[in-house]
Amino acid sequence: MYRIVCVNCGAEYAPEEILYRCTRCDHLLCVEYDLDSIAIDRAAWMRRPLSVWRYRELLPVSGEPVSLQEGGTPLYHLKRIGEELGLPELYAKHEGMNPTGSFKDRGMTVGVSMAMQLGMKSVACASTGNTSASLAAYAAKGGIPAVVILPAGKVALGKVAQALMHGAKVIAIRDNFDKALEMVYSLCLSHGLYLLNSVNPYRLEGQKTIGLETIDQLGGVPDRMVLPVGNAGNISAVHKGLRELRHLGFIEDLPMMTGIQAAGSRPVVDAVEQNFPEVVPCADPETIATAIRIGAPVNAEKALAAIRQTGGTAASVTDEEILAMQRDLARKEGIGVEPASAASVAGVKKLAEAGVIDRSERIVCVVTGHLLKDPETVVKQCEPPIEIDATQESLLSVLYS
Ligand code: F0G
């Protein structure tokens, strides 16, 4: 049992209404369950496989979901990086290990399932890349056509490759993500496609399971959860899921929700640092972490509430800091992530060095996408392979001379 509720004015809507914003005040919507009437046997929960669908009582899908077996991602102890930073309890939840290589799959299994449940005939999104890859794959699995709109020339190669190969209609506009979102939003309203950006409240329901899994894997609540922030949906979703767990009495405290943005694209950080009531969009976002190259985060209202209500914070990191941490994760921990994902750990490093993070904290960084998403940025940072004649002599000479 659930309703759709406006986060600002509390207006309520029936689940079957196709809505992305409150028709009264234009603010964001969220899914609200009657938590007091939901019976969950936590022991039975724990016996189910770790996955998005372990938590199905807290998800809106009623029938068989459109699933590619998403979730159940590893939680790694960052032993070496943690030692270097003086943080013995530093962890990374590797969302790059989802079916299409990012956390978006958690949202899309629920979002595309809801599209089917609501009888929609086609789906669409704007994307910096991962959302489009994921939507294309889940639409393929569901057997429903997908349209994706990308900022031309600003999407990592692996993500475009996925969207194309999974058969979405891929359109690249000569403008940025914020404009692409505006355009797809109008398209969905005028032509009845189902919008699966994170302004869709059902999609965030899937993504909240990152937090639920973390609690189950860690056997408790971390002091802090750190996420890279672009459109600000994921940090909002994780916070919502944990609030629900607290309401159910499964946990007592919430982690300090901490958002990390790139220095060239930091409207949420500005709002937190300067205590603005809302985000002031940044007109020209720029960063090597193209996944989070977003100037007008649509979920900012929810994200600011998540950060403020939990005593969390926000910080930005430079492209150099992001790339350095991408290399550290790869070389010191064996964890391959794309640049935006490394931002969360780079942010922890910065906050620990600035004394904002206490060294005794148990910290979970969400690393959101896989290394292979953006091979071009990798190749630019690394020495090329050493090419030699196919002789033992040449081999020994490059290795030992
Ligand atoms: N990390 C990665 C790898 C992402 O792809 C995104 C968002 C984020 C972090 C930020 O998450 O938007 O919920 O704050 N990517 C979107 C996309 C915008 O289109 O793929 P957020």
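Whatever order the structure lists them in is the order used to number ligands and atoms, beginning at 1.
Closest heavy-atom approach to atom 8 (C) of ligand 1 within the set T290, V148, I292: this belongs to I292. If you check each of I260, T128, T368 against atom 9 (C) of ligand 1, the one with the closest non-hydrogen atom is T368.
Close contacts between ligand 1 and G233 involve ligand atoms 13 (O), 14 (O), 21 (P) [criterion: under 4.0 Å to a heavy atom]. Remark: ligand 1 atoms within the under-4.0 Å shell around heavy atoms of T131 are 16 (C), 17 (C), 19 (O), 20 (O). Distances below 4.0 Å separate heavy atoms of V229 from the following atoms of ligand 1: 14 (O). Here is the list of ligand 1 atoms found below 4.0 Å of a heavy atom in G129: 19 (O), 20 (O). Interface atoms of ligand 1 facing N130, defined by a heavy-atom separation under 4.0 Å, are 2 (C), 3 (C), 4 (C), 5 (O), 20 (O).
Residue contacts with ligand 1 for A232 involve N, CA, C or O but no side-chain atom from C-beta outward (heavy atoms, distance under 4.0 Å). When heavy-atom distances to ligand 1 are checked against a 4.0 Å cut-off, Q207 has no atom that comes that close, whether in backbone or side chain. Residue contacts with ligand 1 for K104 involve side-chain atoms from C-beta outward but no N, CA, C or O (heavy atoms, distance under 4.0 Å). At a heavy-atom cutoff of 4.0 Å, ligand 1 is contacted by the side chain of I294 but not by its backbone.
Applying the ring pair (Phe, Tyr, Trp, His ring centres under 6.0 Å) definition to pairs two or more places apart or across chains, those involving residues 213-250 are W45-F250. Pairs engaging residues 358-387 under the ring pair (Phe, Tyr, Trp, His ring centres under 6.0 Å) rule: H94-H370 [sequence neighbours left out].
A salt bridge between D374 and K380 is absent, with no side-chain N of the basic residue lying under 4.0 Å from a carboxylate O of the acidic one.
Of the polar atoms of E338, none of the N or O atoms is found under 3.5 Å from an N or O of ligand 1, judged by distance alone. Ligand 1 has no N or O atom lying under 3.5 Å from any N or O atom of G369, backbone or side chain.
In terms of protein heavy-atom proximity, atom 11 (O) of ligand 1 is closest to F103 CZ, 3.5 Å.
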